[in-house]
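Quick note on labels: first sequence line is chain A, next is B, and so on, each numbered from 1.
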Amino acid sequence: MAEILYDHDRIELKWEERWKSDPDLYRADASSNAPKYYVVEMLPYPSGRLHMGHVRNYSIGDALARYMWMQGYNVKHPMGWDAFGLPAENAAIQRNMHPRDWTISNIAEMKRQMHRMGFAYDWSLEISTCEPEYYHWNQWFFLKMHERGLAYRKNAMVNWCPECATVLANEQVVDGCCWRHETTPVEQRALEQWFWKITEYADELLRDTFDKLEGGWPERVLSMQRNWIGRSEGSEIDFALEGGPEKIRVFTTRVDTIYGATCVILAPEHPIARKLLDDAGRAKAKQMIDTRKQTGPGDVVKDGVFTGHYAVNPYSGDKVPIWIGNFVLMDYGTGAIMAVPAHDERDFDFAKTFGLEIRPVIRPVDGVLDENPQAAFTEYGVTENTGSFSGLPTEEARRKMNAHAEARGFGKAAITYRIKDWGISRQRYWGTPIPMIHCAKCGVVPVPEKDLPVTLPYDVKFTGKGRSPLAEVESFMNVKCPRCGTDARRESDTMDTFVDSSWYFYRYCDPRNSTAPFGSATANKWFPIDQYIGGVTHAILHLIYSRFFTKVMRDLGLIANDEPAANLFTQGMVLGSDGSAMSKSKGNVVDPEEMVGKYGADTCRLFVLFANAPEKDMPWIESSVGGPRKFVERIFRFVTRNMDREAAGDAAADRRALRKLHQTIRKVTEDFNNRWHFNTSIAALMELLNTLQDEEANLSRAALDQILPDLVLLTGPFTPYLAEELWELLGRSGPVFRQSWPKCDEAVAQEDALEIPVQVNGKLRARISAPLGASQAELEKIALADAKVLPFTEGKQVVKVIVVPEKLVNIVVK
RNA sequence: GCCGGAGUGUCGGAAUUGGCAGACGAACCGGACUCAAAAUCCGGCGCACUUCACUGGGCGUGUGGGUUCAAGUCCCACCUCCGGCACCA
């Protein structure tokens, strides 16, 4: 048969239809004895259309899934929708579309695009987090958290736009102002909200980044998580309020400097501050709280107010003034600090601004105390003027002073974390209703499990005003108290959408279960995830919340694993032509569907994988799409014109072609097994095709019959449409991804002779040819006798000759 | 400020364990085919020299040092860029 011209639409649309018509095609085999392989790509938010970041993420996962199938694994490869979220509500306000309708039509559109890309998902496992069948179990987890004391209520600040009279999400605050009222500064208001005690697991979350995830997760993700958890060891010390029963507890990492404390500073939100301040001071505190939200990090000017009250240093007995300061944070440590200007830069700054005393108490280990410091000395040293603890090195002083505080009952050694409990309440409509009821008699009462799910009402007005759209829906809000049966009101807040994505990959194991989130047996079979793949933007929040969830689920006895994913791969961002991340607001997005229309899905996938290594940010240079496109065409034409032609052949050409084939199999296999640098795998396939075309005229029928099927199989994970079409043209049956991955025959891959570079004093001077398996002595002899080497050794003394077998000869002369 | 990552041709990148720097592709230049163009095929393509030419050696992986027979790769110091955290006590 003659060469066939490549037509991407004809081939891809044909196979898309066939694949779609077989719902079992990519289903994992429940009765299989093959080892399991669970690969999950982070589920998308259905924003409307696929973007290039999705295409990159899913092309990587799809190549891997197909490869693992071909390696004989029982592969589970699901997809779903992270369907709750703010943009749906914005769409409702801005274009008068119901969030649910908007979301569902987006899902349909994106699913259509995924089919067009040829991704191998088992759609029977599809989940959508906005369906009651799914969020039912968010509510169930909420009840379990509540039972275990992991869910609690407390006052927390929310962003409030006085113009809209509504709560704003952080994303809706732009430069400290409301997104819809660009000149209206956002205020901070305290609201009772639900929190989950992730801090209870802070220590384990931190420890397991070392013990369980190192090696399987990227170092930078682990480091970001450790940073986020932010464990810090220090002391909590009580300063007694002069003339009152209260104590002010401060946290410090440098209790050894406490004799240098010249004031105590409270966060403006601190409850004691409210009592100590007069009206003017309270107004000032309120102003500090609001301004803090509006100024970006880094450019805060220190501000403070003296309360007019004093506290007593429990070590020295000194009386120190109590201030409030805008740089002291309520939600870190105890919300109060002791200021030691001589040994802390921030305190030094504060002291200079407000004229506070600077009292040095630490000298350098090999120096003297600087009585009049011009800057804070923050290093470790030796204590001075520190009562009975004077003359001690920092670490010893801390130990002894902690013990002293504990013995006297005014303090102790303490650990503080930067990570805060997870505030999950959102004053939004499009999310999971929090299954709680407020009863005037009984207080806060959980919805009984049997009454779950609490479903989201459809008929809601989106005015963009008020506390939460749900709070206005009387039929939803009015309920009988499950405990006393009197009239009560439902909680009108919904859950943070990060709750939905914290456990979705467990639901894939048992997506239609209506009596439990999933069955433990099936989860234990598939977990931990063998490979989780997603954007590095989720390195902290999603990945820490889902680790927290896994630990809670384990403690509930639902699962046996401690971590959700044994291996994590974070692909880089896709950058627009201007070098910054592709985003709608920057206007530098490239629509994948346009590319698919022009070049086909195979070329699009190949382009994305070939551009660079997948963990790196990918610069978008569309002009280079020609390479991958030509490669697809060349393979197609090469196979079709050689698939059944007569060929006499030449043994030497056959040998060279088969050698290159097997070297390529080895290379591509290694890339899959070790590092997923698909750019080099694809380069190797291009080299193979170059060699095959060089040898084409002299290849025998027998060699072609070995080469063509293997060539097609090797392209399977990257260009599934092309591979499937060629597989069929070759007269083979069964989908490509169910075939065995080609094996490298080392004997065939072996070169006939070695070509070895020869250096003199480390500089390349010649290449010699040597028989395979030549001894070191032989190589040395050939190298020394080489005509190109001789001019560099003549008249000189050969000091030594280094022979690296099969690699290189280096002659050292003097 | 702290933590992490990265700097290689005109561009994306390759060199996986210290052993031939620039694979593969893009762009560009030249040639063949064509009335012409596209497509395709063939050749060239780090820098500055040298030779009529074949060639020949020199320099070259952010900068400066070092280790080594041998350094893009290891060590020390520094510069730049990217990402995260950031008055975190």
Asks: B/rC11 and B/rC85: how far apart are their P atoms, nearest whole angstrom?
Replies: 32 Å

Asks: Given B/rG56, B/rA14, B/rC24, identify the nucleotide with an atom nearest to the side chain of A/Ala613.
Replies: B/rA14

Asks: Reckon A/Lys630 has a side-chain N or O less than 4.0 Å from the OP1 or OP2 of B/rA26?
Replies: yes

Asks: Give me the distance, rounded to whole Å, that separates B/rA14 from B/rA86 when you measure between the P atoms they each carry.
Replies: 32 Å

Asks: Where the side chain of A/Thr680 is concerned, which of B/rA14, B/rC69, B/rA89 is the nearest nucleotide?
Replies: B/rA14

Asks: Which nucleotide, B/rA89, B/rC11, B/rA23, lies nearest any side-chain atom of A/Ser232?
Replies: B/rA89

Asks: Give a yes or no on whether the backbone of A/Gly600 and the side-chain of A/Asp9 come within a donor-acceptor separation of less than 3.5 Å.
Replies: no

Asks: When you check the side-chain N and O atoms of A/Ser681 and A/Asp671, is any donor under 3.5 Å from an acceptor?
Replies: yes

Asks: Would you say the side chains of A/Asn690 and A/Arg634 form a donor-acceptor pair under 3.5 Å?
Replies: yes

Asks: Tell me the partner of B/rC2, counting only Watson-Crick (N1-N3 plus N6-O4 or O6-N4) or G-U wobble (N1-O2 and O6-N3) with both under 3.5 Å; none if nothing fits.
Replies: B/rG84

Asks: Of the listed nucleotides (B/rG84, B/rG12, B/rC24), which one gets closest to any side-chain atom of A/Asn227?
Replies: B/rG84

Asks: Report the nucleotide, chosen from B/rG56, B/rC88, B/rC24, that has the shortest atom-to-atom distance to any side-chain atom of A/Arg346.
Replies: B/rC88

Asks: Taking only side-chain N and O atoms of A/Arg675, does any of them lie within less than 4.0 angstrom of OP1 or OP2 on B/rA15?
Replies: yes

Asks: Please answer whether the main-chain N or O of A/Ala539 pairs with a side-chain N or O of A/Gln225 as donor and acceptor at a distance below 3.5 Å.
Replies: yes

Asks: Measuring to OP1 and OP2 of B/rG58, would you say a side-chain N or O of A/Arg765 lies under 4.0 angstrom away?
Replies: yes

Asks: Tell me which nucleotide among B/rC41, B/rA89, B/rC87 gets nearest to the side chain of A/Gln693.
Replies: B/rC41

Asks: If we call it a pair only when both distances are under 3.5 Å in a Watson-Crick or G-U wobble match, what pairs with B/rA77?
Replies: B/rU63

Asks: Using atom CG of A/Leu808 as one end and atom C1' of B/rG19 as the other, report the distance to the nearest whole Å.
Replies: 5 Å

Asks: To the nearest Å, how far apart are A/Asn674 CG and B/rU16 P?
Replies: 12 Å

Asks: OP1 or OP2 of B/rG25 sitting under 4.0 Å from any side-chain N/O of A/Asn612?
Replies: no

Asks: When we call it a touch if two heavy atoms are under 4.0 Å apart, what does A/Glu219 touch: a base, just sugar-phosphate, or nothing?
Replies: nothing

Asks: Can you identify which nucleotide, out of B/rA89, B/rA21, B/rG4, has its nearest atom closest to the A/Tyr332 side chain?
Replies: B/rA89

Asks: Looking at A/Lys763, does any N or O in its side chain come under 4.0 Å of the phosphate oxygens OP1/OP2 on B/rG19?
Replies: no

Asks: Taking syn as a glycosidic torsion within 90° of 0 and anything else as anti, which one is B/rG9?
Replies: syn

Asks: Which residue is it: A/Ile322, A/Ile265, A/Val264? I am looking for the one with a side-chain contact (heavy atoms from CB on, under 4.5 Å) to A/Thr307.
Replies: A/Ile322

Asks: So what does A/Lys302 touch, heavy atoms closer than 4.0 Å: a base, only the sugar-phosphate, or nothing?
Replies: base

Asks: Is any side-chain N or O of A/Arg418 closer than 4.0 Å to OP1 or OP2 of B/rA86?
Replies: yes

